[in-house]
Amino acid sequence: MEQDNKDNINAHFDDDEKQLWEALGKIVTPPPSTEVKTRFYAMLDTYINEVESQKTTVFEQSLHYLKSIFTYKPAYNWAYAMVLISIGSLIGYFSGNMIGKFSNNQAINSQADVKKLASEVQEMKQIMMLSMLENPMATERLKAVSYTQELNNVDDQVIDALLTTLNFDQNENVRLVTLEALIQLANNPKVREGLVQSLLKQESPLMQVALADAMVKLQEKRSVKQFKKLLQKENLNEAVKGKIEKTIKVLS
Amino acid sequence: MGWPNKNLQYFCNLSIFVKFSLSNNQKHLIFSLEALTDNTLMLGVKAGQLDKMGLLFERYHRVLFAFLYHSTGQAAQSEDLVQTVFYRMLKYRHTFLGNGEFRTWMYHLARNVLNDSIRKNHRMVYQADVTLMSEKTVSTPAADIQLEKSQAIEMLHTALAKLSSDHREVLVLSRFQELSYQEIAEILQTSEGNIKVKVHRAMKELKHIYLKLEDGTRQ
């Protein structure tokens with residue numbers, strides 16, 4: 001191969017060039033001094049040591065890098081300022097959110113508290129009303145009946161108490177006020193039923209007339225039957241009789 | 001046991017045959033040679049066995065020195081440059097991929113080192129090492145013919161010094177390093193034909209300069 005190479009080269013040359021080519025071959029290359037070797041091995045040694053020391057100090061390097069990040073550099077003042085501002089605004093944003101949530105929670109809590117308190121007050125009123133209805137003083141009982149208008153949710157217990165008062169209270173005024181109160185609660189079917197049943201239980205003409213007016217007002221047609229029964233009663237007041245007949249006409 | 005692949009069977013038979021037909025020493029030689037090719041050594045260096053660079057140094061520092069010496073004409077500087085080339089081999093060991101010849105890669109680095117040093121000191125041009133030449137003439141016997149010969153060689157040295165750097169480079173690579181055109185083409189990253197033309201032109205230029213020098217001495 002090498003011989004070919006040479007032949008190839010020589011083929012293009014003239015005689016002078018061939019001679020020169022041969023002469024070039026005779027130029028002796030001086031050997032490198034022995035120092036080259038020593039220097040090379042010294043270099044190789046230091047290089048290997050360097051590489052190994054680099055390996056061991058990867059941790060130190062990263063530590064140094066971290067340190068360099070956190071050391072103060074005047075050139076980065078703007079950057080520091082920006083970082084501080086952004087951190088501040090982030091903290092502000094999140095803490096604002098937290099406070100908002102917290103206050104919301106508080107509001108919800110307080111709302112629940114108010115609701116609870118209100119229902120407790122209602123309960124208290126109800127209990128107070130029920131106990132007042134049993135009071136021997138008529139004025140106290142009147143007060144109690146008037147309290148029913150302040151109650152938001154009237155339960156069966158209250159309605160029962162009111163109907164009992166309507167039917168059996170000795171004082172006529174109390175019964176009248178109770179009737180007024182029950183008319184307010186006429187949406188409740190139990191109240192309507194109670195009012196209709198109450199017709200035959202009333203002895204006082206005043207109450208009978210008031211009930212007749214109430215039935216007309218509530219357009220309670222089931223009461224017609226009761227009125228007819230009432231008409232058959234003996235010693236019925238004449239005025240009441242006329243009133244009941246009128247009422248029956250209106251309702252039927 | 002059936003063979004999954006006929007080619008595999010053939011290959012195994014062949015390798016068994018080869019193994020049995022070699023003596024133990026020969027086998028050892030083959031394996032150690034394989035482990036010590038330039039490429040495997042350099043790949044070893046790349047993988048972290050840096051001390052393997054010593055073997056490559058033993059193989060190539062003379063060749064490299066010769067290349068640099070004929071390119072610069074200065075022994076001391078060439079020794080420095082040899083050092084630099086081997087340092088760069090260590091530093092840039094990751095750029096050796098192993099798909100080409102180690103020698104090609106080495107010459108690449110050497111040329112870069114050479115160009116860098118030329119760029120660094122613009123004044124540095126090829127200078128024949130006077131002390132070395134004089135030492136050589138002193139050491140030769142004082143016979144007339146030999147003196148004449150050595151004078152002719154000295155003149156050729158001077159002519160080489162006056163050659164343009166890229167022409168000198170191809171001559172150094174082809175004549176002193178005795179590389180094939182193909183290898184030179186790989187190192188200089190051109191075609192083989194291009195190198196052929198370049199060598200021819202370099203020889204023409206050299207002849208021109210040499211004849212001029214000869215005329216000068218005659219006068």
Practice task
Could you check which of B:Asp80, B:Leu90, B:Leu206 has the highest count of heavy-atom pairs closer than 4.5 Å to chain A?
Solution key: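 Looking at each option in turn, the highest pair count goes to B:Leu90.
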Practice task
Describe, in one word, how the ring planes of B:His61 and B:Phe57 are oriented to each other, choosing from parallel (under 30°), tilted (30 to 60°) and perpendicular (over 60°).
Solution key: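 Parallel.
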Problem - Proximity breakdown for B:Phe65 and chain A, heavy-atom pairs closer than 4.5 Å - result: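 Side chain of B:Phe65 only, per the 4.5 Å heavy-atom cut-off to chain A.
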Handout entry: B:Tyr210 versus chain A, the contacting section by heavy-atom distance below 4.5 Å
Key =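 Looking at B:Tyr210, just its side chain touches chain A.
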Practice task
Decide if the gap between the ring center of B:Phe176 and the ring center of B:Phe67 is smaller than 6.0 angstrom.
Solution key: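 No: the rings miss the under 6.0 Å criterion.
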Exercise for the section: Could you tell me whether B:Asp215 and B:Lys212 have a side-chain N and a carboxylate O separated by less than 4.0 Å? Expected result: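 The answer is no: the pair does not qualify as a salt bridge.
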Problem - Part of A:Pro31 lying under 4.5 Å from any heavy atom of chain B - result: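 Answer is backbone: N, CA, C or O of A:Pro31 sit under 4.5 Å from chain B.
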Handout entry: A:Phe40 versus chain B, the contacting section by heavy-atom distance below 4.5 Å
Key =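 The answer is both parts of A:Phe40.
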Practice task
Pick whichever of A:Leu24, A:Val36, A:Ile48 has the most heavy-atom pairs under 4.5 Å with chain B.
Solution key: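 Looking at each option in turn, the highest pair count goes to A:Leu24.
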Problem - Between B:Glu79 and A:Ser33: side-chain donor-acceptor atoms closer than 3.5 Å - result: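 B:Glu79 vs A:Ser33: donor-acceptor pair found between side chains.
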Practice task
Test B:Arg103 against every option in B:Glu183, B:Gln177, B:His108 by the side chain to side chain donor-acceptor pair (under 3.5 Å) rule and name the one that passes.
Solution key: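 Answer to the side chain to side chain donor-acceptor pair (under 3.5 Å) test with B:Arg103 among B:Glu183, B:Gln177, B:His108: B:Glu183.
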